Amino acid sequence: MLARWLNRTYKVLISLQLAVVLLLLLTVALIVATTLESRFDTPTAQYFVYKAGWFSVLLALLGLNILAVALSRLPWKARHVPFLSAHLGILLLLAGSWITREHGLDGMMRVAENEKQAIVEVDEPQLILQSPKETRIFPLPWTPPSVKFGGVKLPYGLAVEEYLSRAEPVFSFDPSDGPQAKPALQLKFSTKRSMGGMPAMAASQELWLWDGADDWRESGIGPARVILGGKKPEQPGPWIWISVRSNSELEFEALSMRQESSRGRVKISELGTVIDPGWKAVQIEVKKFIPKAMPRTEYVAAKLQYGAKAPPSAIRLRGPRRPDGAPGDLLWLGMGDRATFELGGDQIQISYGPKRVMVPFEIRLNRFELERYPGSMQPASFSSRVTVEGGPAATFDRLISMNEPLEWKGFTFYQSSYEEAFPRPTVSLFSVNHDPGRWVKYLGSLILVVGIIHFYIMRARRNQASRPNSSEALV
Amino acid sequence: MKRSIYLALGLFLGSFSLLPQAFAETSTAPEQAPEQREEIVQPRAWSFLDWELIPIQAGGRVKPMRAFADEVVLHLTSRRSFEGWNPSEMLLAMVTQPRAWREKALIKIEREDVKRQLLLDVSKMRFSVAELFGNPVLLQYAQRMGDLESTMSKAPNPNADPREEELKRILDRLTVFHRLITGEAWTFLPSEAGQGWAPIARPEDSEPKSIQQILADTSAQGKIRSQFVALMGAYLGGNESVFAASSKALRASIEEEATRLEPAFAESVIHKLQAERQYHELRPFHWAWILYVVAALAFGVASWLAAGAIASGTSRAFHRAGLASLSVAIVLHVLGFVLRSIVAGRPPVTNMYESIVWVSFGAVFFALVIYAFQRFRILLGVGSVLGALGLLAADAAPTLMDPGLHPLVPVLRSNYWLTVHVLTITLGYAAFALTLGIGNVTLFKLFRGVPERSSEVTRLNQLTYRAMQFGVVLLAAGTILGGIWADYSWGRFWGWDPKEVWALIALLTYLTVLHGRYAGWVGPTGFAAWTVFCFSSVVMAWYGVNFVLGVGLHSYGFSAGGQGTVGIAVLIQLLYVAGVVAVVRRRSSASRA
């Protein structure tokens, strides 16, 4: 019974039908994957196809099929050589890819000029939980928005309750009595009249200002600057500078595009207060005024926007249970954020960020060089002068450029990109790679191509020999 | 950078003439009544040779005025030439008579929704700069683009909003026009190697200079400026010999100054300028496709005559005519390719236009190689048709496939890998194009009633098989070489990038067919039909990834447009296959019954 079953399985495994079916399935899977990638993004395609379990099974079946077919021709003869090498090539390619996937590293390193770096960031988000007793790492695999996130239970009664694969921060301000609380103001700008009898395109825009941090004190709307608190700006107009007089009164000073100045005071009323600097096209309305406020960051799912980089993920964490038994607070953590909880006198720190790997040496960026095509902004080439610092015996200078990577201790550093800056970029981005499967893949490629060519040559010879009755025996 | 250009558009309304004090004609006020307008110069039948050879730095490299003019006119008017103007002369006419050209309907707007949004006459196709300039909606959009600058990509992409792309294109053209007539686009004041050349004038130069001031400037740059002013005058003056002399003088001073600042200029650039002007003048690919068509027709007539009862002498004459035409076409094709390689200093296979030129050459080449061994005349016809189709597509859609020579993104600047990877993979496409051609001929024969088991169909099948072998080996090798290059420059061998994946899909479909044929599941008709079906995966890998999907790391080749045309072409091909297969099936079942 078992023997019969085995025999039948073997028959299927060595069949050409299986090969053709698998090839067709693979083709369909790949078409679906590229469509997903175009329609959504790369992680979506990876989640549903390239990194999915069934895709590995499909590739493994193809490998098994090829292996079985090759073994079925035992004992091998000279005429089998091209057939065997072509198929062995594919097997090696599959095996090499598997080794890369299991044991390889593919990450990014960011180094600024005159700084050293040994950390490689891998695009695999994870939570690190640190308590006085232990440090634990919880990977949070990328999940597309269409798939329900099951939640991750953490120790100490903590849990990840929500996950946004592409998250956009939304800032708001809450009244607070804390020592750092400062006035916060939400303004709405709208165009007063249509331009040239036509409806205006950007109808209105809202923004928050907060007197507690430099980043929040100033904002721009079109060509105009909007400033809350601090010193009176000295730049040419247009700008409006608002200061808080009391819990219910604001004072403003403004300079228009034509450098006409105006000033005034406004009382905050319930029904919407209007600040009027006498500008022709713009109306400013106070949406909200909080005399003592602290910022709060929340995340919402971001829409994919063409041309913009996909925003990183964010998670919503449930804090530990309160002493009175009530459920813990909810807290958003974006990429790179951390949170601290007190639990029974212990400090527990949780940080959310990409997986980090240390390389056993440091890369120091001495200078980043960018050459542009003359008379244009288009980069022609860019490269990094680095020093590899791995102890006294292993310190040397090197130039890493496009198409000229640095290889050291099993790691390869590629000049991948840079951060654009004025007057010249000074931050270099390397793609860092460790690939133990590389030589398996290269060997497989060589054997495959040589095998196919050999196969065709042998075929042509045999056809010549057996003409006109051109039998097309494969092996 | 870009923002400042768009904002500058907002400021540009009234004063827009280059050196307005230099000429009485252009110093008139913009409120001038229409009947007082200057007399418009009509195209002059002059030789513009020296003018066309003047070096100008644009788009990141130094090129001859002819190449610059061809690019600008194509960009501005979406046509190779506008109302019978030679492009190099048209630029001169524009800069000398900006007010007249401002009123000419130059700019083509195709999208009706955009015209409606801009409150333009929907029935019109072309609009003048004057019509578009004060347009408040466009102005607002220009400002918004300035604000959004960081998130906008410059290259067209199929995933971008087509309406926004059209608006962006309109703004780009207005900017080009503006830069031309203010002098900002005329960057031919040389500088040291690696530096950007300076324009003849900048809009921010506050005071327009008088002609006396310009002539008083005796520096090298001042000399070039005054010579350019003199040349403009000579052009307006209408005397050919004065114009020829002044363009020769201007060209000589620019070359001299460039050589003084960068000694290599004289040897390394000047001969390239001549080659490039020649390339633009000759239009080798244009004439090559016409000759390929002639050759294909001659071969067709020859084979038709040979099949009939008419004396074979006539047939042989037609065949010889076809051979002659095909040879000249190939010479032109190769010449164009070589000229382009010399000018670009790299193998010209870096965008859609160049790859189509190369692939059609590859298809002709493979047809000839197999013909050399098999002596099957049909190959010559198929080769001619493929050469004609490829070059015709490249030549007919210059707005879709940019024929300009542009500097490469850093990752492509490796002649070694470009040659090894791209040439190999595109030669694979070429071999598959040949299988498509032979497959179509086979289907046609089958449709005409040639039996499936006849020696003719068997032979055609064998030719298809041979071409497919070339294709499979080249595509497999090219894809793997691409993997090695990717490993070398991006840091991974295989990353499921859409371009990589589609090359693999194409390979898989051909492998499936080859295995199916081996197993006997695919007969002669099926094999011919599958070549067509499989080629649609090549079309997807080649065109589709760049123009339809538009995602992934091969982004330097992305563009948009032509989806409808290509889609319909593929659909017609597939319908043809389905029709023939149905007819053959019905016939064979009828004969069995």
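All values derive from a computational prediction rather than experimental measurement.
A salt bridge links E420(A) with R372(A); the closest basic N to acidic carboxylate O contact falls under 4.0 Å.
Using a 4.5 Å cut-off between heavy atoms, L474(B) does not touch chain A at all. Proximity to chain B is limited to the side chain of S431(A), based on heavy atoms less than 4.5 angstrom apart. Both the backbone and the side chain of A380(A) come within contact range of chain B, each with at least one heavy atom under 4.5 Å from a heavy atom of that chain. Looking at L446(A), neither its backbone nor its side chain comes within 4.5 Å of chain B, counting heavy atoms on both sides. With a 4.5 angstrom heavy-atom cutoff, F413(A) does not touch chain B via any of its atoms. Within the 4.5 angstrom heavy-atom criterion, only side-chain atoms of V472(B), from C-beta onward, approach chain A. Heavy atoms of I484(B) lying under 4.5 Å from chain A belong to its backbone as well as its side chain.
For chain A, the option among T512(B), L508(B), D487(B) with the highest count of heavy-atom pairs below 4.5 Å is D487(B). Comparing I505(B), L504(B), V545(B), V513(B) by how many heavy-atom pairs each has under 4.5 Å with chain A, the most go to I505(B). The most heavy-atom pairs under 4.5 Å with chain A, out of V62(B), L511(B), V501(B), T187(B), come from V501(B).
Using modelled atom types, one side-chain atom of R61(B) and one backbone atom of L405(B) make a donor-acceptor pair closer than 3.5 Å.
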* Please lay out, stage by stage, how V120(A) and M108(A) fare under the test side-chain contact (heavy atoms from CB on, under 4.5 Å). => CA-CA 5 Å; V120(A) 178; M108(A) 294 294 284; 5.9 Å; no
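A cation-pi arrangement is absent between R438(A) and F493(B) under the rule of less than 6.0 angstrom and at most 45 degrees off the ring axis.
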